[in-house]
Amino acid sequence: MIDISTLNEPQQQGVLTTEGPVLILAGAGSGKTRVLTHRVAHLIDQGIMPYNIMAITFTNKAAAEMRERIDNIVGYGSDGVWVATFHSSCVRILRRFGERLGYGSNFTIYDTDDTKVLMKEICKYLQIDTKQFKEKTFLNVISAAKNELIGPEEFSRRAGNDYNMSRQAAVYREYQARLRQNNAFDFDDLIMKTVELLRNDAEVASYYQNKFHYIMVDEYQDTNTAQFELVRLLASGRENLCVVGDDDQSIYKFRGANIYNILNFEKHFPNATIIKLEQNYRSTANILNAANSVIANNEGRKEKALWTTEEAGEKIELQQFDSAYEEATYIAMNIASHVKKHECTYKDCAVLYRTNAQSRLIEEKMIFEGIPYKLVGGVNFYSRKEIKDILAYLKTVDNAADDIAVQRIINIPKRGIGATTISKVADYARENNMGFFDALEVSDEIASIGKSAVKLDGFVRMIMDLRDIASKQSISALIEEILLRTDYVAELRAEGTDEAKARIENIDELLSKAVAFEQDHDSDDVTLSMFLEEVALVADIDSYDATDDYVVLMTLHGAKGLEFPRVYMSGMEDGLFPGMGAIYDGGGADSEMEEERRLCYVGITRAMQHLTMTSARQRMVRGETQMSKWSRFVKEIPEELVHGNLWEPKPRDDFSGMISGGEYSVYRGSISGGSHKPKLATTYGSRPTNTSGTKIEKSELDYTVGDRVNHIKFKEGTVLDIIDEGRDYEVTVEFDGVGVKKMFASFAKLKKI
DNA sequence: GTGCCTGCTCACGGG
DNA sequence: GAGCAGGCAC
């Protein structure tokens, strides 16, 4: 028997209610992963075969974590449990049965870049003016349709006489036809086509329905209509479907998530058992209360009240700065000082932001302070040019029908094959209803091509050779052969720039990944398709490893599902978070504003002990300076839960361009801002890069902890703490009748009484 | 066909 | 502020 005595009452119920549809409404930090893993363990304990159990997650990281935790409870034997993401589950199904839809089992998965290239081609072919109608808009429309399981025909029907929609329908039709020709799926296809397969092929449907007796879905609030239908189909019959989610953490509407999947679960499954996990084991009471206060402003939620037995803990710290530059400086210095005092380690800290663009400044300051950090997200490793080039070679070798891949590398490195030649071949292929690569093979038959045919022939022969190598040797050997034959690395080395060096490093990393992939899998059944699939489906967050000691920088979206003792939410400004779109969109249930607020809720609930929110009065956005005020979400937090400078009006009369450094007044109320700003002799820009406590023009203090001091505004108080911030001292004082304030010694001008 | 320059557009989030 | 398309010279 597995031990569930450590679980609370509703958690135990979640584990033990194995039959029928179950909705577990799991508030942030309420131990839902524990419930899921124990539930799987319990099922196995009850004699259910592991291969009859399926658990679906959104990211590989979540899947890996779940598998590991199940392993820890039941020991080995859990291998058979199907733990996978939505996308990789569908790939597995399609690899096996995709031929019934007319796709080869070696299909390619197109990422966002690939689909953009394809769409560009289609617009050219259909003579659509892309200045007027953006490729991206078409792609968004198609993606939205696919997420709602609307195929090209249905889309066309719905378009009716609408001119704009008819054009979109034509593009959609062509787009889908080309994917099919290229033996490729885009991300949305993976789900939609699997649903199509299950709907239209009773044999396949019943195969999986008989395979999966128990199905669990994590992060259910993020599922879209297609994913819901997929799950519904798979669970159909037994209906032992357990979904876990939190409507308050639904933050993926923009990619099609349908919040009604969770809100209407009981309508879809009238006999569903609803279990609420409301005890939070993660955060202090103050943090939890702040989160509750913010999210309470949303309409249309499932009633839910998170509570904790934790003590209040520290108040939430608010810090507003003149610029994003100072904000980043403060965060970096603050982390450095806490680590130095051994109050936390680097890995305890996470800096969260709304947009990836904000990471640059913070990254800069982390480097400056010598803080080890890890940036999660941003430009995906696999979307770098050099990596995409090599992957395109691999795709060409693996799936000859993938025109996008072939055309990407046909002139990389330069082979003297230009746009004119390529379009001649493409036309020929189209006229003769054949693939691009097939046309290349018979290029001498294309009359207008002339002497370029020789070059094309050389390219074709090289691919043939590579295919031969692929069939006999390992993936890493194939990559090395490609590098050799293309002189790819050699050319970069000749360039000698830092950028070229970085590219070489990336290529080395790709090689290591290939080697690691081969080691992780049985060499007999490892295929190139599998490697390419893993690469295509990897998510940014998958690379995050919580065991290394570094500060994590990521978007609020990326932080979902994670927790950190110390969290910094940066850029808490109206216009940035919530963004302009949400502000103009207004409010009300299901609005963009509510989604932003849920995102804020997600951010707050990542914090275990310490939460700092920062904002900048001015920030460079899209190359222009933008002025902003505190985010409305910050103002939704009750005053008694925060300390800092929330409502401090600050005259904006002192922009000398000089960095005013760590000045952060903690007064609430009026102060004569601006004029009191000290002129520092040393700016951060010239500060030595060591963090070992180099003191620069810092006068010693004549008071110490426990002393009584006098402040110009707050009058008398007792010094509670003095922290050596390196360049200055941060002094914490309890002022009589005013409360606890933190300030920098050089600005506070405290006098010992 | 290639390489460079310029000017234009675009900008949230992600599998 | 960055990335890309288009124009131009070679």
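In what follows, every chain begins at residue 1, and chains take the letters A, B, ... in the order their sequences are listed.
- For the pair Lys253(A) NZ and dG14(B) P, the interatomic distance rounds to 18 Å; values are reported in whole Å.
- Rounded to whole angstrom, the span from the OH atom of Tyr252(A) across to the C1' atom of dG13(B) amounts to 7 Å.
- Taking the side chain of His87(A) as heavy atoms from C-beta on, and the options dA11(B), dG15(B), dT2(B), the nearest nucleotide is dG15(B).
- If you find the closest nucleotide of DNA chain B to Lys414(A) and to Arg255(A), the one lying nearer the 5' end belongs to Lys414(A).
- A salt bridge is defined here as a Lys NZ or Arg NE, NH1 or NH2 lying under 4.0 Å from an Asp or Glu carboxylate O, and Arg232(A) with Glu229(A) meets this definition.
- Across dC4(C), dT9(B), dG13(B), the shortest atom-to-atom separation from the side chain of Lys120(A) is found for dC4(C).
- Between Leu94(A) and Arg96(A), the closest side-chain pair of non-hydrogen atoms is not below 4.5 Å.
- Residue contacts shown for Thr85(A) are absent, as no nucleic acid heavy atom lies under 4.0 Å away.
- Contact between the side-chain N/O atoms of Thr59(A) and the OP1/OP2 oxygens of dG15(B) is not found at any separation under 4.0 Å.
- Atom NZ of Lys146(A) is separated from atom P of dG15(B) by 18 Å (rounded to the nearest Å).
- Residue Asn411(A) places at least one side-chain N or O under 4.0 Å from the OP1 or OP2 atom of dT2(B).
- By the 30° and 60° cut-offs, the orientation of the rings of Tyr252(A) relative to Phe254(A) is tilted.
- Separating the CZ atom of Arg360(A) from the C1' atom of dG1(C) is a distance of 8 Å, rounded to the nearest angstrom.
- Between Asn356(A) and dG14(B), a side-chain N or O to OP1/OP2 separation shorter than 4.0 Å is present.
- Between Glu363(A) and Arg360(A) there is no salt bridge, since no side-chain N of the basic residue sits under 4.0 Å from a carboxylate O of the acidic one.
- Phosphate contact (OP1/OP2 of dG15(B), side-chain N/O of Thr112(A), threshold under 4.0 Å): absent.
- Remark: C1' of dA11(B) and CZ of Arg619(A) are 15 Å apart, rounded to the nearest angstrom.
- For Thr85(A) against Ile56(A), the heavy-atom pair with the smallest separation is C-CG2, 3.9 Å.
- The nearest whole Å value for the distance from the CZ atom in Phe254(A) to the P atom in dA11(B) is 14 Å.
- The side chain of Lys455(A) places no N or O atom within less than 4.0 Å of a non-bridging phosphate oxygen (OP1 or OP2) of dG1(B).
- Regarding Tyr353(A), its OH atom lies at a distance of 12 Å from the C1' atom of dG13(B), rounded to whole Å.
- Among all heavy-atom pairs drawn from Leu352(A) and Ala559(A), the shortest one is CD2-CB, 3.8 Å.
- A salt bridge does not link Glu326(A) to Lys365(A): none of the charged side-chain nitrogens sits closer than 4.0 Å to a carboxylate oxygen.
- Rounded to whole Å, atom C1' of dC4(C) lies 14 Å from atom NZ of Lys136(A).
- Within residues 184-193 of chain A, the residues approached by DNA chain B to less than 4.0 Å at the level of any non-hydrogen atom are Phe187(A), Asp188(A), in residue-number order.
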